Amino acid sequence: MNSIENIASRDNAGQPIWKFLMSELKPRGKYFTPFNIISVPIILVGLVLIVIRFIYGIGSITNLTQEVPWGLWIGFDVVTGVAFAGGAYVITFMVYILNIKKYHSIVRVTVLNGFLAYVFYAGALLLDLGKPWNVINPIIGNSFGVSSVLFLVAWHFLLYMMAQLIEFSPAIAEWIGAKRARKILSSMTIAAVIFGITLSTLHQSGLGALFLMAKEKIHPLWYSEFIPIMFFVSSIFAGLSMVIFEGSISHKVFSDQISEKNHKAHKGIIHGLSKICTIAMFAYFFLQVLTFVHGKHWDLLNTPMGYWYLTEMIGFVLLPMILYFYSYRTQNIFLIKLAAIITMIGIIINRLNVTVIGFRWDAPNPYYPSWMEIVVTLTVLFIEIWIFRWIVRRLPVLRESPSWVKDH
Amino acid sequence: MNRLNFLRIAGLAGATLTMGKILKASPQKSNKAEFVGVLYDSTRCVGCQECEIVCAKEHGLPKPDPEDYPTTKEVRKANEKRRSVINAYETSKGELYIKNQCMHCNQPACASACLTQAMHKTEEGPVIWRDNKCMGCRYCMVSCPYDVPKFEYHSSNPNIEKCNMCFDRIKEGLQPAFVENCPAEALTFGTRRELLAEAHRRISSNPETYYDGIYGENEAGGTGFLILSAVPFEEIGLNTKLQKKSYPELTKGFLYSVPSVFVLLPAILLGIFKATKKRQTQEEENE
Ligand code: SF4
């Protein structure tokens, strides 16, 4: 307890910065936690696979085909991962734009989560590029494919990462005790938030717009010109469900970091979020029904893909929506968490349906991810969690800012 | 309200986005320079695979396996080692051959998808791929309605392989290698307009030989590779379900809405921010 108190109030005035950083680099906490025991071997195998991939080509560890050029790495890591990272723009919107103080205590952790998600999913994207060294082409130089949705998405990823870094930077300044820098950085927050929300709106929908040209390749139950709107609306509750889920875990794992006050407030936060999820999911469900009626694909419902579609819509949209609504009314925190988990599974299913499962569903040799693709995906995920944990243990993310902040 | 407007309004900036005027205006760029293309008269094709062989030679690809020839039993596919293949189909008029290769669309999905302009519609007409720009994202493959671009999955510096209509030869004033070497004169090189006129002439002067239609005249917004057939197109494996509009058209609505979202949304957010802040300070004063 004493040492945490110390860290929380430190201002590092006397200590040379490099000495401080060195001491912070040392691992903390137990070595043999269940998470470490599972994640370390997987990460090691994953790193080997990544080396193999760079020597022998993408085909050496993936099952991608000429008909299905995008698989798990794009469909899950990038498209699904970014949807889950949507919590950051929703929460910053509520806290900074709508000025709802209630959610203030979860802003930092959500933004950190979002930021790391983007860094790692952009990283996963690099693994999927055939010539990653040319990734600078759309950013500098004379090779701007401005009519490309992917061009837009790539730029937005980049800019949004910067915006999130600015939003998060006061925490870094507090960590190293840079008082003046903190003041300057936090004065930039609002601008970064406004910019970030705009970027998010566009690239969340942009990820859907990527697939608009694959009109005949995506199963008609999932293809519509409204994919961009659907992706945007669903990113709201995907992100918030992730916030609920991640928050519940953090409150257990990092409970030493969280002040008494915030522990108590957490229930209220989850409860409030469940209401927003209900509304967003209702809008989403409504849109889906509208699109379905509009598309006139009644005949397709009575096919295997049709059953799968109904499973998604009823089991993973309608059901968690009702669950959110019910648990909001009855203030049942457990059920809210359950709804969050079902929603998240639903989002994974939905994104994979559009990008992988429904993509070339009729191909003679359908694509299934190889075990190696799955291991690499897990590697990316685990490294991200490692970094997240490292930061949360050191920076004022979940815990209160050091006392000197309030003097200003 | 049409559907695109609905998309813009409902999805991207809420009901406040009523800037239809700005968005709608952007007429299609008129193509002044005439595109060149190739007319493929499949009724003349004898399935000799000479075009496959010269293509491999011209572009430094592995020599085709002589054992691998078109049969009606199997649909052969182009891949990263061969840019074009001949297939045989059993049709209502007997066994017929059809060449499969890049269609060189007037408005190619692949080129509009490419974020580095590696995939590029040249002014002359051929759609070419440029090694030094490509980052290997394969978005061109996702977007191409004909599944033409192929990727070298087993290379550490993978290329996209697709027909470029022998663009280097065209620039030198030569004909594409596969056109020049076709012994049956099934292939003709020329401007797209001439080729369409010639195709129409052949159909009308020989209506019993030809199916009445030119594949590629309107498919996917029109293509540079045009196909004449003896039988309805489905019988020789051509996809007739493709839309007549060009494929980049499908993302236009989204892309046009981006600038207005960029202008309007920050303004709206700033407005709300100011309003809520004012309310808060008032509340604090009242307390
Ligand atoms: S793979 Fe290369 S050519 Fe194709 S879209 Fe990506 S960058 Fe462009």
Side-chain angles (χ1 to χ4, degrees), chain A residues 54-60 62 64-67 69-70 93 96-100 125 128-135 137-138 142-145 147-152 154 190 193-195 197-198 201-202 205-206 209-217 225-226 228-229 232-233 287 294 359, chain B residues 3-4 7 10-13 77-80 109 111-119 132-139 141-145 147 150-160 239 241-243 247-248 250-251 253-255 258 261-262 265-266 269-270 272-273 276-277 279-280:
Chain A
F54 276 104
I55 299 174
Y56 298 106
I58 294 172
S60 59
T62 70
L64 295 173
T65 65
Q66 301 292 355
E67 282 85 29
W70 282 358
F93 174 70
Y96 293 110
I97 305 295
L98 295 183
N99 223 332
I100 310 177
L125 205 68
D128 202 60
L129 292 183
K131 299 169 183 279
W133 49 90
N134 278 346
V135 74
N137 274 350
N142 59 350
S143 305
F144 288 179
S147 62
S148 167
V149 179
L150 192 57
F151 179 77
L152 182 103
I190 280 297
V193 164
I194 290 180
F195 192 48
I197 295 170
T198 311
T201 313
L202 287 170
S205 47
L210 280 180
F211 292 88
L212 286 178
M213 278 199 281
K215 193 178 173 195
E216 285 84 11
K217 301 186 186 183
E225 62 207 290
F226 304 116
I229 307 177
F232 171 66
V233 177
L287 264 171
H294 187 93
F359 191 90
Chain B
R3 287 191 281 175
L4 275 183
L7 178 127
L12 295 159
K77 288 200 167 144
N79 56 37
E80 71 276 24
S112 89
C114 181
L115 72 170
T116 63
Q117 290 184 345
M119 208 51 104
N132 56 342
K133 293 190 186 257
C134 176
M135 54 189 231
C137 67
R138 308 190 293 289
Y139 186 33
M141 301 169 70
V142 171
S143 305
C144 173
D147 269 342
K150 306 290 177 193
F151 183 75
E152 294 181 326
Y153 281 110
H154 292 278
S155 158
S156 59
N157 182 12
N159 290 338
I160 294 278
N239 188 348
K241 295 206 185 79
L242 300 184
Q243 62 169 18
Y247 278 76
L250 292 168
T251 52
F254 175 76
L255 287 170
V258 170
V261 171
F262 240 106
L265 193 53
L269 293 174
L270 199 65
I272 304 176
F273 168 68
T276 54
K277 203 173 163 190
R279 197 185 60 205
Q280 194 202 355

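Keep in mind that what you see is a predicted model, and the values were worked out from it rather than measured. In what follows, every heavy atom counts, from backbone to side chain, and hydrogens, waters and symmetry copies are set aside. Naming: A, B, ... by sequence-line order, numbering from 1 per chain.
Atom CD1 in A/Ile97 sits 7.5 Å away from atom CG in B/Leu270 (nearest 0.5 Å). Here the CD1-CZ distance, from A/Ile194 to B/Phe273, works out to 7.0 Å after rounding to the nearest 0.5 Å. In this structure, OG1 in A/Thr65 is found 7.5 Å from CE in B/Met141, a value given to the nearest 0.5 Å. The CG atom of A/Leu129 lies 9.0 Å from the SG atom of B/Cys134; values are rounded to the nearest 0.5 Å. Taken to the nearest 0.5 Å, the CG atom of A/Leu150 stands 11.0 Å off from the OG atom of B/Ser112. B/Tyr153 OH to A/Leu64 CG: the interatomic distance, rounded to the nearest 0.5 Å, is 4.5 Å.
With chain A as partner, the option from B/Glu80, B/Lys241, B/Glu152 having the largest number of non-hydrogen pairs under 4.5 angstrom is B/Glu80. Note on B/Cys144, B/Ala111, B/Ala78, B/Ala118: by heavy-atom pairs under 4.5 Å with chain A, the leading option is B/Cys144. For the set A/Ile55, A/Thr62, A/Leu98, the entry with the most heavy-atom pairs within less than 4.5 Å of chain B is A/Leu98. With chain A as partner, the option from B/Lys150, B/Met119, B/Lys133, B/Arg279 having the largest number of non-hydrogen pairs under 4.5 angstrom is B/Lys133. Counting heavy-atom pairs under 4.5 Å between each of A/Phe151, A/Trp70, A/Phe93 and chain B puts A/Trp70 at the top. Contacts with chain B were tallied for A/Val193, A/Ile190, A/Ile197; A/Ile190 has the most, counting heavy-atom pairs under 4.5 Å.
The backbone N or O of A/Phe144 lies less than 3.5 Å from a partner atom in the side chain of B/Gln117, making a donor-acceptor pair. Proximity of a side-chain donor or acceptor of A/Lys131 to a complementary backbone N or O of B/Asn159 within less than 3.5 Å is not detected. Looking at A/Lys217, its side chain does come within 3.5 Å of a backbone N or O of B/Val142 through a donor-acceptor pair. Judged by distance alone, with hydrogens and angles left aside, the side-chain atoms of A/Tyr56 form no donor-acceptor pair with the main-chain N or O of B/His154 at under 3.5 Å. With hydrogens and angles disregarded, no donor-acceptor distance shorter than 3.5 Å links the side chain of B/Thr251 to the backbone of A/Met213. At distances below 3.5 Å, not a single donor-acceptor pair connects side-chain atoms of A/Asn137 with backbone N or O atoms of B/Thr116. Of the possible donor and acceptor atoms, none in the side chain of A/Asp128 sits under 3.5 Å from a partner among the backbone N and O of B/Cys137.
Taking the salt bridge (charged side-chain N to carboxylate O under 4.0 Å, His left out) definition, one finds that A/Lys215 meets it with nothing, sequence neighbours left out. Qualifying salt bridge (charged side-chain N to carboxylate O under 4.0 Å, His left out) partners for B/Lys77, counting only residues two or more places apart in sequence or in other chains: A/Glu67.
The heavy-atom pair separating B/Phe254 from A/Leu202 by the smallest distance is CZ-O, 3.6 Å. Closest of all the heavy-atom pairs between B/Pro158 and A/Gly130 is CD-O, 3.1 Å. Counting all heavy atoms, side chain and backbone alike, A/Trp133 lies closest to B/Ser156 at CH2-O, 3.5 Å. Listed here is the closest heavy atom pair of A/Ser148 and B/Ala113: OG-O, 2.6 Å.
Heavy atoms of B/Leu255 lying under 4.5 Å from chain A belong exclusively to its side chain. When heavy atoms are compared at a cutoff of 4.5 Å, A/Ala154 approaches chain B solely by way of its side chain, counted from C-beta outward. Interface remark: B/Asn239 contributes no atoms to any contact with chain A (heavy atom separation under 4.5 Å). Only the side chain of A/Leu152 comes within less than 4.5 Å of a heavy atom of chain B; its backbone N, CA, C and O stay farther away. Residue contact with chain A, scored on non-hydrogen atoms closer than 4.5 Å, is absent for B/Ile160. Proximity to chain B (any heavy atom under 4.5 Å) is restricted, for A/Tyr96, to the backbone atoms N, CA, C and O.
At a cut-off of 3.5 Å, with distance as the only test, no side-chain donor of A/Glu216 or B/Gln243 sits close to an acceptor on the other residue.
Contact check for A/Leu212 versus B/Tyr247: no side-chain heavy atoms found under the 4.5 Å cut-off.
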